[in-house]
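Just so it is clear, the structure is predicted and the values come from calculations on it, not from any experiment. Protein chains get the first letters and strands the later ones, always in sequence-line order, with residue 1 at the start of each.
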Protein chains: 2
Amino acid sequence: MTLTAKVPTRERILDAAWDLFVRRGYAGTTVAEIEAEASLSAGSGSLYRHFSSKEELLRAVVDREVERIDDARDMGPEPSETGGDVRVALALEFQRRLDNLRRLHPLIDLVRREHEHLGPSQQHLGDLLVEKNVSVRSQRLAAWMDAGAIPRRDPEALTTTILSALTGYHLAVEFFGGPPGGLREQELISTLVDLVAGT
Amino acid sequence: MTLTAKVPTRERILDAAWDLFVRRGYAGTTVAEIEAEASLSAGSGSLYRHFSSKEELLRAVVDREVERIDDARDMGPEPSETGGDVRVALALEFQRRLDNLRRLHPLIDLVRREHEHLGPSQQHLGDLLVEKNVSVRSQRLAAWMDAGAIPRRDPEALTTTILSALTGYHLAVEFFGGPPGGLREQELISTLVDLVAGT
DNA sequence: GTCTATACGAAGATAGAC
DNA sequence: GTCTATCTTCGTATAGAC
């Protein structure tokens, strides 16, 4: 079963462009380099048989990645197997969010850097990353408040505040190459759990 | 007193480049445009009498702005006039941090976008924005814990967590053009105060 | 639909007069 | 130390053969 289904040229171009745009940025990547990485002759312009311009290619790349996120929208298995321990459930949820941010960072960074070429894809990404998350997580928190497991507060404000903290931590790590103030990931999670659970 | 002290050409170039790099990015700004904005002849290359290359100019621009931050390093007046109300003092401190982030955002954004051209300036900026802040703020929190005004926790972990939340909120606003989850600034501050004060 | 070859424009940088 | 003029390189995009 040497299943070497040959990848269509258009896909190879998208793969190559995604890789190069992430690593070197839009302006820092030439069409010739993309062609070479896609096993086309560098400088031949064969790319233009598949995309009408370099900018259209960028938009196609971003749109494809955003679609993939939407497909992969799972927050992992429900933490019911934590034996109902709120602190453990919270810690798992925060951990998953940080993992997700790490996984999505190349896309987030690309969209941020090249937003001038992108148009509506940017707001769309914002919706995917934040808005849809808030409602789901708020409901879970509200349920715990109702059950008396954590102190009662505004669930949506609390959710967004937590998401901001996790996002800010992640961006500081990526941006400055290390955790802000030397705070390790487990310490951040533990601090947030303490704050939310009101320990 | 028509004190029109004429600004040296080098300064005018730095001003022009700062403005254009922030608005259009490094690659999106041409040397000719910078010359025009600095009241030199566009395309003349007169800029090269003051800077040996476009990249050196970028580094000079960033370095000058980083210096200005360091000079302006004040967290505002001590909040002793709050009558010792911890909640008010905390809210003021968080508010000032958000104001500072807004004020510094053009520089943060520029360094982030063009870090490939910059070298050591980036880590330096990280130090200025985070590291030095953590120690000062941690001590203040520790004092309040000693006084029993807020629950006792690890002061440094708490400080960094709060700074992450404020930074994440700020970046989400700048990035997506609006507050994450519709959370207004005052709601974020109030939520953080509640969490820290253990209300 | 991929190739070779090239047109075309943009932009960084230099030369030399003043 | 600023100007006009120009060199040179590079990169997007197109033309036309196969």
Value in whole Å for how far the P atom of C:dG1 lies from CD of A:Glu35
15 Å
Report yes if at least one side-chain N or O of B:Ser41 is closer than 4.0 Å to OP1 or OP2 of D:dT4; otherwise report no.
yes
Separation of C:dA11 P from B:Leu47 CG (nearest whole Å)
15 Å
For D:dC3, take OP1 and OP2 only and decide whether either is under 4.0 Å from a side-chain N or O of B:Ser46.
yes
Classify the angle between the aromatic ring planes of B:His105 and B:His170 as parallel (below 30°), tilted (30 to 60°) or perpendicular (above 60°).
perpendicular
Taking 4.0 Å as the cut-off, does a side-chain nitrogen or oxygen of B:Thr9 come that near to OP1 or OP2 on D:dT2?
yes
So B:Arg97 and B:Arg137, do their side chains get closer than 4.5 Å, heavy atoms only?
yes
Go through residues 51-63 of chain A and report each residue with a non-hydrogen atom lying under 4.0 Å from DNA chain C, sorted by number.
none
For A:Glu33 and A:Thr29, test the side chains for any donor-to-acceptor distance below 3.5 angstrom and give the result as yes or no.
no
Has A:Ser44 got a side-chain N or O lying under 4.0 Å from the OP1 or OP2 atom of C:dC3?
yes
Protein-nucleotide distance (B:Arg49, atom CZ; C:dA13, atom P), rounded to Å
15 Å
What's the closest nucleotide to the A:Tyr48 side chain, out of D:dT14, D:dC3, C:dG12?
D:dT14
Could you tell me which non-hydrogen atom of B:Val130 sits nearest to which non-hydrogen atom of A:Pro180, and how far apart they are?
CG1-CB, 3.7 Å
Is the shortest heavy-atom distance from the side chain of B:Glu114 to the side chain of B:Leu110 under 4.5 Å?
yes
Give the cluster check for A:Leu171 versus B:Leu192: same hydrophobic cluster or not, with ILVMFWY residues linked at side-chain heavy-atom distances below 4.5 Å.
no
Among C:dA11, C:dC3, D:dG1, which is the nearest nucleotide to the side chain of B:His50?
D:dG1
